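Worksheet: one structure, shown below.
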Amino acid sequence: MEQTLSIIKPDAVAKGVIGKIIDRFESEQLRIVATKKIQLSKQDAQSFYAVHAERPFFKDLVDFMISGPVVVSVLEGENAVLVHRDLMGATDPKEAEIGTIRADFAENIDANAVHGSDSVENAKNEIRFFFADRELT
Ligand code: ADP
Ligand code: MG
């Protein structure tokens with residue numbers, strides 16, 4: 001069993017597709033261990049995406065991530081990290097395979113609907129960033 005962190009980004013929350021996206025997780029045997037809708041602060045977004053701090057798109061990414069509420073969830077299942085990344089599709093929705101979340105719900109590479117951890121190690125850190133032990137049931 002593996003765990004991964006999902007963020008439904010402000011564009012997808014504003015579109016009203018939280019339920020549709022979570023349904024895709026459960027349809028692929030990813031169990032919802034924890035979930036909550038929150039408003040990130042600028043500092044939250046900057047530290048969550050610190051690995052991208054030197055990239056030219058960093059400021060736009062942070063501004064976008066705080067432009068409205070997000071839904072953060074911990075998903076659990078066999079190969080959860082990879083299963084979730086496959087469900088999400090490529091970072092740029094124009095390159096995302098048909099039937100993936102980003103192909104179906106994302107507008108462009110800036111507003112691309114979802115985040116997913118890219119490794120088991122990063123998943124652990126990202127889960128700890130958002131959730132206390134008592135929230136992980
Ligand atoms: P992913 O979200 O697929 O793991 P990355 O970790 O590479 O992608 O990037 C984090 C986020 O930064 C992306 O989801 C996207 O919102 C944004 N981003 C990445 N690359 C670009 C880019 N070239 N231009 C604008 N935004 C980008
Ligand atoms: Mg990433």
Side-chain angles (χ1 to χ4, degrees):
M1 274 304 160
E2 208 167 273
Q3 291 189 341
T4 191
L5 183 93
S6 149
I7 306 178
I8 302 177
K9 295 185 179 181
D11 58 324
V13 172
K15 260 187 202 167
V17 294
I18 296 169
K20 284 183 179 163
I21 290 174
I22 288 182
D23 183 54
R24 292 184 181 208
F25 300 153
E26 294 191 321
S27 298
E28 288 301 312
Q29 277 65 56
L30 293 172
R31 187 176 76 84
I32 312 300
V33 174
T35 192
K36 58 188 176 187
K37 186 177 179 201
I38 58 174
Q39 171 66 52
L40 297 181
S41 68
K42 192 168 194 171
Q43 199 185 333
D44 288 333
Q46 285 172 337
S47 57
F48 183 77
Y49 278 118
V51 61
H52 294 309
E54 304 306 320
R55 309 281 285 275
F57 57 81
F58 183 66
K59 188 183 177 297
D60 287 344
L61 175 60
V62 168
D63 287 345
F64 168 65
M65 290 301 288
I66 65 173
S67 66
V70 298
V71 173
V72 288
S73 307
V74 177
L75 312 178
E76 181 176 81
E78 242 174 83
N79 297 315
V81 170
L82 277 180
V83 169
H84 181 223
R85 292 291 306 197
D86 284 349
L87 277 176
M88 288 166 54
T91 306
D92 184 348
K94 287 198 292 289
E95 286 159 20
E97 271 181 58
I98 293 167
T100 60
I101 293 167
R102 281 167 165 167
D104 291 347
F105 301 120
E107 299 306 323
N108 53 59
I109 196 167
D110 297 290
N112 63 0
V114 283
H115 164 85
S117 312
D118 61 7
S119 69
V120 173
E121 192 56 35
N122 286 339
K124 286 186 179 141
N125 295 330
E126 293 180 1
I127 290 167
R128 206 182 312 271
F129 184 87
F130 283 114
F131 291 95
D133 282 347
R134 67 173 177 280
E135 295 177 287
L136 301 168
T137 57

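None of these values were measured; they are calculated from a predicted model. Whatever order the structure lists ligands and atoms in, that order sets their numbers, starting from 1.
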Tell me the protein heavy atom at minimum distance from atom 3 (O) of ligand 1, and give that distance in Å. Thr91 OG1, 2.5 Å
Among all the protein's non-hydrogen atoms, which is closest to atom 9 (O) of ligand 1, and how far away is it? His52 NE2, 3.4 Å
Is a donor from one side chain sitting under 3.5 angstrom from an acceptor on the other, for His84 and Glu28? no
Which residue owns the protein heavy atom closest to atom 18 (N) of ligand 1, what's the atom, and how far is it? Phe57 CE1, 3.5 Å
Hits for ring-ring contact (aromatic ring centres under 6.0 Å, His included) against Phe129, two or more places apart or cross-chain, chain-then-number order -> Phe48
For the pair Lys36 (side chain) and Glu135 (backbone), establish whether a donor and an acceptor sit closer than 3.5 Å, ignoring hydrogens and angles. no
N/O of Tyr49 under 3.5 Å from N/O of ligand 1, yes or no? no
What I want to know is whether Arg85 and ligand 1 share at least one N or O pair that is separated by under 3.5 angstrom. yes
Close approach, Lys9 and ligand 1, non-hydrogen under 4.0 angstrom: yes
Taking atom CZ as the centre, does Arg31 end up with more than 12 heavy-atom neighbours from other residues, nucleotides or ligands that are less than 6.0 angstrom away? yes
Quick one: does Gln3's side chain get under 4.5 Å of Ile127's, heavy atoms only? yes
So does Lys9 pair up with Asp110, basic N to acidic O under 4.0 Å? no
From the options Asn122, Ile109, Val51, Leu61, select the one whose nearest heavy atom is closest to atom 11 (C) of ligand 1. Leu61
Could you tell me which atoms of ligand 1, counted from 1 in the order shown, lie closer than 4.0 angstrom to a heavy atom of Asp110? 16 (O), 25 (C), 26 (N)
Which of the atoms in ligand 1, numbered in the order shown and given with their element, are less than 4.0 Å from a heavy-atom of Asn112? 13 (C), 14 (O), 15 (C), 16 (O)
Salt bridge flag under 4.0 Å for residues Lys59 and Asp63: yes
Does ligand 1 have any atom sitting under 4.0 Å from a heavy atom of Arg102? yes
